[in-house]
Number of protein chains: 2
Amino acid sequence: MDRVRERESDATGAASPTQAAGSIKSAERVLDLLQLVASEPSDSLTFSDIRTRLDLPKSSLHGLLRVLTDRGFLTLDPENKTYRIGVRAWQVGQQFRFATQLASAANSHLSEARVELNETFQVAILDGVENVYVAKEESDQPLRLVSEVGSRLPAYTTGLGKVLLAGLSPSEVERRFKGRRLVKFTPSTVATREELEQQLESVRELGYAEDHGEFTEGVYCVAVPILTSTGSTLAAVSCSIPSARLPDVSSVRDQALRVLRKCATSISVSMGESIDSTPAG
Amino acid sequence: MDRVRERESDATGAASPTQAAGSIKSAERVLDLLQLVASEPSDSLTFSDIRTRLDLPKSSLHGLLRVLTDRGFLTLDPENKTYRIGVRAWQVGQQFRFATQLASAANSHLSEARVELNETFQVAILDGVENVYVAKEESDQPLRLVSEVGSRLPAYTTGLGKVLLAGLSPSEVERRFKGRRLVKFTPSTVATREELEQQLESVRELGYAEDHGEFTEGVYCVAVPILTSTGSTLAAVSCSIPSARLPDVSSVRDQALRVLRKCATSISVSMGESIDSTPAG
DNA sequence: AATTACTGTACGCATACATGAACACACGCG
DNA sequence: CGCGTGTGTTCATGTATGCGTACAGTAATT
């Protein structure tokens, strides 16, 4: 999971040595801290870990951590002196209704889906050029894909992501990828912008996307969109299957697609009236 | 829901006119912003709303909002120029595992509970002297208690809260309430520290708590603790019933208790190995 | 006990930030 | 069309804030 840098580097190549204009140092740092602590496993971040990771002066960091802990956005585990995300941060996050509504709409349908096909199902939304996992239901087989709700992956490397990207117009896709390099995570990762656009076009026609170990080798994945009543793509559901369990791709795919399509429309219905907006930029 | 101030005022009575020592202005403001936006319904906060609520200079606020929106912690709805919580804030909040694990462990059991007794069930944890709702399952009857996951209430005013407080030692309770006034929300709200401690003692003996419209009039509520294998209180489950549907309290209470106890142990088991720590101070 | 490594505290200086005021832009309304 | 309101931008200035250094507490190690 650490193959992807967490903070996507600035598209505005000009990395001034001093500071990006219009930025506020301690505001940025607060967010850096929250994201850093959120990105690491629970009991791993001690004071000096943070200090080295973010390269902040000791005294400055102390002040910031004080503010964050005093207000309950972080907590300091007194045992091993590690910092974690606190209640207040969770509370704030709960108000991102788009994710919470989607997750609660999806959960029951995902477990139904898994009853029909015992593999890992996931729901994700699009944020920029990345897909963000919002809900999941894991297969109970010993060999299975495990994932984290809240994690994000480059959209062009996953079936889920391709479905989400296919929901955008080609020009919008163009805009979002402008100036970005397509990192090759595995041999089968999409390599060029052209190849991506071709694949997206085919996704738009077929109504589903696949990926053959394009981010994680040995995992096959099919995904379909979750549409609003007006036909715009709200999110996507996917089914991930270890290639080892995949003697005959096409037959499994058809079965998975049947389950996924049912699941997607169910979720779409459950979301029903509670649609407010599309995910962030 | 607006009867309670969101930011619990400082226990250190000394409110200096200038600024609390050791604080960092823009860091505090970032958190103020996140909490403010999170505390209001989605489409209500425009730029000047925020400005007046937080009483910030225009130019300063612009800078902060820029940082927050650029980094995806807030989003600006271009339609009506209102600010909302963004994906990144949600992502960070997801890492407060205690809540997310509890919620996912609870959800299925809560819906089972509701099948047995068609009323509103809730799960909450303790944060300071407040209970924070983590999961819920609403009754489908027209007259029902509706609540929000992520909202918080003074613990001494709810059955849930009393169960959670009863999980602490009397001295710890003492410490947390030191210097706090017990606001009377309804005629039946607990009025004094002594009365509260008495009730808590009785909760410790009986293993459950009740409240008779002590925060919201016309709502009866029973609650039981969710315990770890070592017997410490992890959270609490409650059942809320409109008094109008409550001809004979004791019989309904017994039924509710049966359902709640079953539910609590199920959740406790589901949490199982994934216990990491108690909620924040 | 003495040593080390890590966390937390205190303080004075220079810098970078918050501020207010004034201007620019868009929108809706009379 | 002119007006009002809400929003976003620019810029100069004084001051709050971030920084380095130095010191204190704590825990585990030898």
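Each chain gets a letter, A, B and so on, in the order its sequence line appears, and its residues count up from 1.
One can place CZ of Arg66(B) at 14 Å from P of dA18(C), the figure rounded to the nearest angstrom. Protein atom CG of Asp77(B) is 18 Å distant from nucleotide atom P of dG6(D), rounded to whole Å. The distance between atom CD1 of Ile50(A) and atom C1' of dC6(C), rounded to the nearest whole Å, is 13 Å. Distance CG (Asp55(A)) to P (dC19(D)): 10 Å, rounded to an integer number of Å. One interatomic measurement links the two molecules: CG of Asp49(A) to P of dA5(C), which rounds to 16 Å at whole-angstrom precision. Between Leu45(B) atom CG and dG6(D) atom P the separation is 15 Å, expressed in whole Å. For the pair Glu79(B) CD and dG6(D) C1', the interatomic distance rounds to 17 Å; values are reported in whole Å. In this structure, CZ of Arg51(B) is placed 15 Å from C1' of dT9(D), rounded to the nearest angstrom.
Annotation: salt bridge (Lys or Arg N to Asp or Glu O under 4.0 Å) contacts of Arg51(B) (sequence neighbours excluded): none. Residues forming a side chain to side chain donor-acceptor pair (under 3.5 Å) with Gln95(A) (at least two apart in sequence, or on another chain): none. Legend: residues meeting side chain to side chain donor-acceptor pair (under 3.5 Å) with Thr52(A), ordered by chain and number and at least two apart, are absent. In this structure Asp70(B) satisfies the salt bridge (Lys or Arg N to Asp or Glu O under 4.0 Å) test together with Arg66(B), sequence neighbours excluded. Partners of Glu197(A) under the side chain to side chain donor-acceptor pair (under 3.5 Å) rule, at least two apart in sequence or in another chain, are Arg204(A). With sequence neighbours left out, the ring-ring contact (aromatic ring centres under 6.0 Å, His included) criterion links Phe177(A) to no other residue.
Judged by distance alone, with hydrogens and angles left aside, the side-chain atoms of Gln91(B) form a donor-acceptor pair with the main-chain N or O of Gly150(A) at under 3.5 Å. The backbone N or O of Thr230(A) lies less than 3.5 Å from a partner atom in the side chain of Thr228(A), making a donor-acceptor pair.
Residues Lys81(A) and Ser26(A) each lie close to DNA chain C; by heavy-atom proximity, the contact nearer the 5' end of the strand is made by Lys81(A).
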Which atoms of nucleotides 19-22 of chain C (N or O only) lie under 3.5 Å from a protein N or O atom, and what are those distances?
residue	atom	partner	partner atom	Å
dT19(C)	OP1	Arg29(B)	NH2	2.6
dT19(C)	OP2	Arg29(B)	NH1	2.6
dT19(C)	OP2	Arg29(B)	NH2	3.4
dT19(C)	OP2	Ser60(B)	OG	2.3
dG20(C)	N7	Ser59(B)	OG	3.0
dG20(C)	O6	Ser59(B)	OG	3.2

Tabulate atom names and distances for all N/O pairs under 3.5 angstrom spanning the protein and nucleotides 26-28 of chain C.
none

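Pairs engaging residues 62-88 of chain A under the ring pair (Phe, Tyr, Trp, His ring centres under 6.0 Å) rule: Phe47(A)-His62(A) [sequence neighbours left out].
Nearest to the side-chain atoms of Leu76(B) among the listed nucleotides dG6(D), dG8(D), dG18(D) stands dG8(D).
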